[in-house]
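Below is one structure, written out as structure tokens, with a few remarks after it.
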Amino acid sequence: MGRRLTLRPYVLIVPALLLTCGILYPFGLGLYYTLFDFSASKPQPDMVRLHNYETVFTQDAFWNSAWVTVLYAVGAAAAETVLGVSVALLLHRSSLVGRVLEKILILPLMIAPVIAAIMWKLMLQPSVGVVNHLLKPFGLGGVQWTDTPTGALLSSIAVDVWVYTPFVAILALAGLRSLPTSPFEAAAVDGAGWWYTFRRLTLPMLWPYVLVAVIFRFMDSLKVFDIIYALTEGGPGDSTVVLQIRAYLEAIRFQRYSFGISYTIVLWAVVYLAAMVLVKHLGRIQRKAAEAK
Amino acid sequence: MTTRKRLSGLLADAALILYFVFALFPIAWMVILSLKPANELFSTYFSFTPTLGSYRTVLGDSEGIPFVRFFVNSLVVSVGAVALSLLVGLPAAYASARWRFKGSENLMFTLLSFRFAPELTVIIPLFVLYQRLGLFDTYVGMIWVLQLVTLPLIVWIMRSYFADLTPELEQAALLDGYTRKQAFFKVALPLVKPGVAAVSLLAFIFAWNNFVFPLILTSNEAQTVTVGALSFLGGDRPKYNLTAAAALVSVVPPLLLALTIQRYLVRGLSFGAVKS
């Protein structure tokens, strides 16, 4: 099988390929649109070549959005990694409590992020939300969660953490369960402490698994849309206008189609580059981990 | 067991419980909010007489928001997208697992890369295109675009299921006089049936949970529950109990499915990434 060239695999793959083209076509079309000044007020557009991109890069709004996006993605991915790995380590101890709770670990991940954001929006209302109600005994009853720039960014990161920490925890737990046991037994015989074992054995061997989760989370967070849309709609001011929200506002709300698409093309390029760099790094780490085993 | 060990065990359990309170509280709170009568929403917090009024309003069309129709729409477009993806995805996954052919790796990577493309890059051109072609706010339009979510998932997961089957099984079938097609349908496919079931349910959940495609490519006729649940937040007075009830109704299918296919989810969620 497979040695002689047959047409069969191509025939089998053509339908999927056609559907894929159905998606590549609008992508190409979008790229083409960005060379024009196509908008609702200008249905007969002129060719403007790279002018849209020039405008994007010289706008303060773009750099603000880029900064917010990076803060959001780094913040969410970092928090999810630390919390997710911690939860995985705690579950790996396999107490009765852990075994019971492990079965429901997946639940937040199954709720649409936009629904999760709606839930948190209700809970974070300053005057009537339950979070401030619970904080009242501690003298913190009036926090304006999503009404201050920093608060809005932190709140949206918190929702991301709520939804996606289980994802990191599941991958880390799968990693932990696949680690060889002998190095840990040897370390225990040598009387190594918990912290030493964690830093010298667990973490280096677990890292390739965790890194996969980090890559997924970081790249997904770079293109966050639904959580921010439902929680803050980019506000207050421009404080949570991540790149996809900016693209949405420009292209759909203000109907400047070409200009909005330019934003998403820039974001696409950034995500693509980030993916390339991270996957290369992942390959190196995985090879190193394989040698160490 | 030493006292110290027992103490650290207790601390670990306490930390776990703390995390799970954070993870489960929002869901529990939505249940509470949805059961509160409208006049007790803001007055008393933990004591109230539960009522199903919010659910009756949400499911009964009385706020001018046809939530039941949104629910049915979600069902139709999610099932449609999964069915279409299976139809084209299974052969593609089988082909790429069984034959190494020119461009196969590039093609597979292209499919996976859609997982990381910003949705708005294709949505905005599609929005313009759909309006011209009459696909805007239609089932066909939604099913077509949801492929972006379901097809890569199905191809990548099923590829690893097919790769785990040894080719000798089908070769034996061929020697017995089966055609290649029969070998696929009578030998290979039945063996990966559990995988097909799991990946279909997972793809369904992802399609169901999608928000940005229906937000921009539908307006009323084909709108789904994820977008519909937001409409209860609008209007002059925020209707918290209705919003909570709508949110809960919209998470029922994914949550039920998640509980039934839990065993397969880890493989699905990482889809081949860990293997690379």
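Each chain gets a letter, A, B and so on, in the order its sequence line appears, and its residues count up from 1. Note that the coordinates shown come from a computational prediction; the quantities given were computed from them, not determined experimentally.
In this structure, Trp99(B) and Tyr94(B) have perpendicular ring planes: the angle between them is above 60°, well past the 30° mark. Using a 30° and 60° split on the angle between ring planes, Phe184(B) and Phe162(B) fall in the tilted class, from 30° to 60°.
Interface remark: Tyr25(A) contributes side-chain atoms only to the contact with chain B (heavy atom separation under 4.5 Å). The contact between Leu151(B) and chain A is made entirely by side chain atoms (from C-beta outward), counting heavy-atom distances below 4.5 Å. Neither the backbone nor the side chain of Leu257(B) comes within less than 4.5 Å of any heavy atom in chain A. Only the side chain of Ile205(B) comes within less than 4.5 Å of a heavy atom of chain A; its backbone N, CA, C and O stay farther away. Of the atoms belonging to Trp194(A), not a single heavy atom falls under 4.5 Å from chain B. Using a 4.5 Å cut-off between heavy atoms, Ile252(A) touches chain B through its side chain atoms alone. Interface remark: Leu148(B) contributes backbone and side-chain atoms alike to the contact with chain A (heavy atom separation under 4.5 Å). Neither the backbone nor the side chain of Ser85(B) comes within less than 4.5 Å of any heavy atom of chain A. For Ile104(A), the parts lying under 4.5 angstrom from a heavy atom of chain B are both the backbone and the side chain. Interface remark: Tyr263(A) contributes no atoms to any contact with chain B (heavy atom separation under 4.5 Å). Residue Leu89(A): no heavy atom, backbone or side chain, is found under 4.5 Å from chain B. Contact annotation for Leu33(B): only side-chain heavy atoms (C-beta onward) come within less than 4.5 Å of a heavy atom of chain A. Proximity to chain A (any heavy atom under 4.5 Å) is shown, for Thr226(B), by both the backbone and the side chain. Contacts of Ala275(A) with chain B are absent, with no heavy-atom separation under 4.5 Å from either backbone or side chain. Both the backbone and the side chain of Leu230(B) come within contact range of chain A, each with at least one heavy atom under 4.5 Å from a heavy atom of that chain. Interface residue Pro166(A): backbone and side-chain heavy atoms are both found under 4.5 Å from chain B. For chain B, the nearby parts of Val87(A) are the backbone and the side chain; heavy atoms of each come within less than 4.5 Å. In this structure, the portion of Val251(B) lying under 4.5 Å from any heavy atom of chain A is its side chain and not its backbone. With a 4.5 angstrom heavy-atom cutoff, Phe225(A) touches chain B only via side-chain atoms. Interface residue Val128(B): only side-chain heavy atoms are found under 4.5 Å from chain A. Contacts of Leu90(B) with chain A are absent, with no heavy-atom separation under 4.5 Å from either backbone or side chain. Using a 4.5 Å cut-off between heavy atoms, Phe20(B) contacts chain A through its side chain alone, with no backbone atom that close.
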Glu102(A) vs Arg177(A), salt bridge (Lys or Arg N to Asp or Glu O under 4.0 Å): CA-CA, chis, key distance, verdict:
CA-CA 14 Å; Glu102(A) 196 190 315; Arg177(A) 295 207 165 128; 3.1 Å; yes
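A centroid separation of 6.0 Å or more is found between the aromatic rings of Tyr33(A) and Tyr257(A). Between Phe211(B) and Tyr229(A), a ring centre-to-centre spacing shorter than 6.0 Å is recorded.
Within the 4.5 Å cutoff, no side-chain heavy atoms of Asp226(A) are placed close to those of Val212(B).
In the model, Ser39(A) has no side-chain atom that pairs as donor or acceptor with a side-chain atom of Arg256(A) under 3.5 Å. Remark: the Thr165(A) side chain and the Tyr19(B) side chain contain no N/O donor-acceptor pair separated by less than 3.5 Å.
Counting only distance, with no hydrogens or angles, the side chain of Asn210(B) and the backbone of Phe213(B) share a donor-acceptor pair below 3.5 Å. With hydrogens and angles disregarded, a donor-acceptor distance shorter than 3.5 Å links the side chain of Ser262(A) to the backbone of Ser258(A). In this structure, Trp162(A) contributes its side chain and Ala23(B) its backbone to a donor-acceptor pair below 3.5 Å.
More than 12 non-hydrogen atoms from other residues, nucleotides or ligands lie less than 6.0 angstrom from CZ of Arg99(A).
Using a cutoff of 4.0 Å between basic side-chain nitrogens and carboxylate oxygens, Arg253(A) and Glu233(A) are scored as salt-bridged.
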